[in-house]
There are 2 protein chains.
Amino acid sequence: MSKIRTFDMHKFLPYLLNQASEKSGLAFERHYKARYGMLRAEWRVMFHLGSFGSLSATDITFRALMHKTKISRAVRALELKGFLKRARQKLDRRSESLQLTALGFRAFEKLRIVAGEFDKEICKGLPEADLMVLRKCLSKLAKN
Amino acid sequence: MSKIRTFDMHKFLPYLLNQASEKSGLAFERHYKARYGMLRAEWRVMFHLGSFGSLSATDITFRALMHKTKISRAVRALELKGFLKRARQKLDRRSESLQLTALGFRAFEKLRIVAGEFDKEICKGLPEADLMVLRKCLSKLAKN
DNA sequence: ATGTAACAGTTGTAATTGTAACTAACAAGA
DNA sequence: TCTTGTTAGTTACAATTACAACTGTTACAT
């Protein structure tokens, strides 16, 4: 039985991406889970608000590739923890501008440091040149 | 306020990995969902059995980085669809060897072709040299 | 052989999630 | 003003999932 022209699943990009993503995602999860009782969705919302500043829920939907109900619930959870405050937009009262509170930002800053160490750790063993290529490819794949 | 030594989250690998993984995973989902009513967990189990041959549920747990209850239920779903059969191991009657049926393998073969096209599509625009680096890095990240 | 611990896989239950339907706010043409 | 259509975000409910407790099997020291 010939395997000619048969696609090799070991090279299937969605598979490789998922493996790598799950591995690192699971490993990092314990940091925000243990310290702040946050779910992954909450961490992602905090990550976006901390990194990009004030955003609306819809903004986060597109940036984080998460469903709007998931975001709605994560926002409420963060709000209940006192990590986030919302403010109705004056110009369009349908949408609200989300922002980390001082408390939320302190938590984000702590996690940012942990994230930096974590990132350094998992990048160990990969040449800097490869990392540049890797980041470039991942950004492209996420956009398209 | 100085940003010196502050980690740039845009380069945070778990974030980039998740973005790229979600994007491609969501896009490919419709193929097995629409044609075979399979969930992502089911597709992953089928993927592993189709690619690597006969495996036990525990094998898949480690290879696919999925929780064992998720696998247990995916296996049952595939079994009900007639895509998979199980056989108790003679030597260790706790574990069972899972294998695609002829029907299951035909479905896998069809999806494999779709996967090949899908993969080609999302790789478009990335130089072959970069893809080699990308795959190498992803494999390493998944192992560690 | 017997007790204890480890392991493969399943199931009950509670938490999380997705889908579709909803409310409230805007927009723009008749 | 009064539709009609769109958008931001929420909620009800059903589907999916995780966690812990469970059954049945094996390993192995006593």
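On a predicted model such as this, the values are computed, not experimentally measured, just so you know. A, B, ... follow the sequence lines: proteins, then strands. Residue 1 opens every chain. All heavy atoms count here, side chains included; hydrogens, waters and symmetry mates do not.
Residue contacts for R76(A): at a heavy-atom cut-off of 4.0 Å it reaches the sugar-phosphate backbone alone, with no base atom in range. Within 4.0 Å (heavy atoms only), R88(A) reaches no atom of the nucleic acid at all. K68(B) comes within 4.0 angstrom of a base, heavy atoms only. Across all strands shown, K33(A) has heavy atoms under 4.0 Å from sugar-phosphate atoms exclusively, and none from any base.
Separating the CZ atom of R86(A) from the C1' atom of dG9(D) is a distance of 8 Å, rounded to the nearest angstrom. The CD1 atom of I71(A) sits 9 Å away from the P atom of dG9(D) (whole-angstrom rounding). Spacing between atom CD of Q89(A) and atom P of dT7(D) amounts to 17 Å, rounded to whole angstrom units. Here dT25(D) presents its P atom at 16 Å from NZ of K90(B), a figure rounded to the nearest Å. Rounded to an integer number of Å, the gap from R30(A) CZ to dA18(D) P is 19 Å. The CG-P distance, from D92(A) to dA8(D), rounds to 8 Å in whole Å.
Within residues 36-67 of chain A, the residues having any heavy atom under 4.0 Å from DNA chain C are, by residue number, L39(A), H67(A).
With a 4.5 Å cut-off on side-chain heavy atoms, L138(B) and L13(A) count as touching.
Reading DNA chain C from its 5' end, the first and the last nucleotide to sit under 4.0 Å from a heavy atom of chain A are dT16(C) to dC26(C).
Applying the under-4.5 Å side-chain rule to Ile, Leu, Val, Met, Phe, Trp and Tyr, the cluster around V133(B) extends to V133(A).
Closest to the T69(A) side chain, of the nucleotides dA8(D), dT25(D), dT11(D), is dT11(D).
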*asked:* Show, in sequence, the C-alpha distance, side-chain angles and deciding distance for Y15(A) and H48(B), and conclude whether the ring-ring contact (aromatic ring centres under 6.0 Å, His included) test is met.
replied: CA-CA 10 Å; Y15(A) 166 71; H48(B) 282 267; 5.6 Å; yes
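Distance CZ/F47(B) to CZ/R44(B): 10.0 Å, rounded to 0.5 Å. Here the straight-line distance linking atom CG of N18(A) with atom NZ of K23(A) works out to 12.0 Å at 0.5 Å rounding. Note that CZ of R112(B) is 15.0 Å distant from CZ of R106(B), once rounded to the nearest 0.5 Å.
For dT7(D), the base has a donor-acceptor partner in the side chain of R94(A) [N/O atoms by modelled type, under 3.5 angstrom].
In this structure, the side chain of D59(B) engages the main chain of S56(B) through a donor-acceptor pair within 3.5 Å. The backbone N or O of L98(A) sits nowhere less than 3.5 Å from a side-chain atom of R86(A) that would complete a donor-acceptor pair.
Ionic pairing of E79(B) and K85(B) is not present here: no N-O contact between side-chain nitrogen and carboxylate oxygen is shorter than 4.0 angstrom.
Closest-nucleotide positions on DNA chain D for L91(B) and R73(A) were compared, and the one nearer the 5' end corresponds to R73(A).
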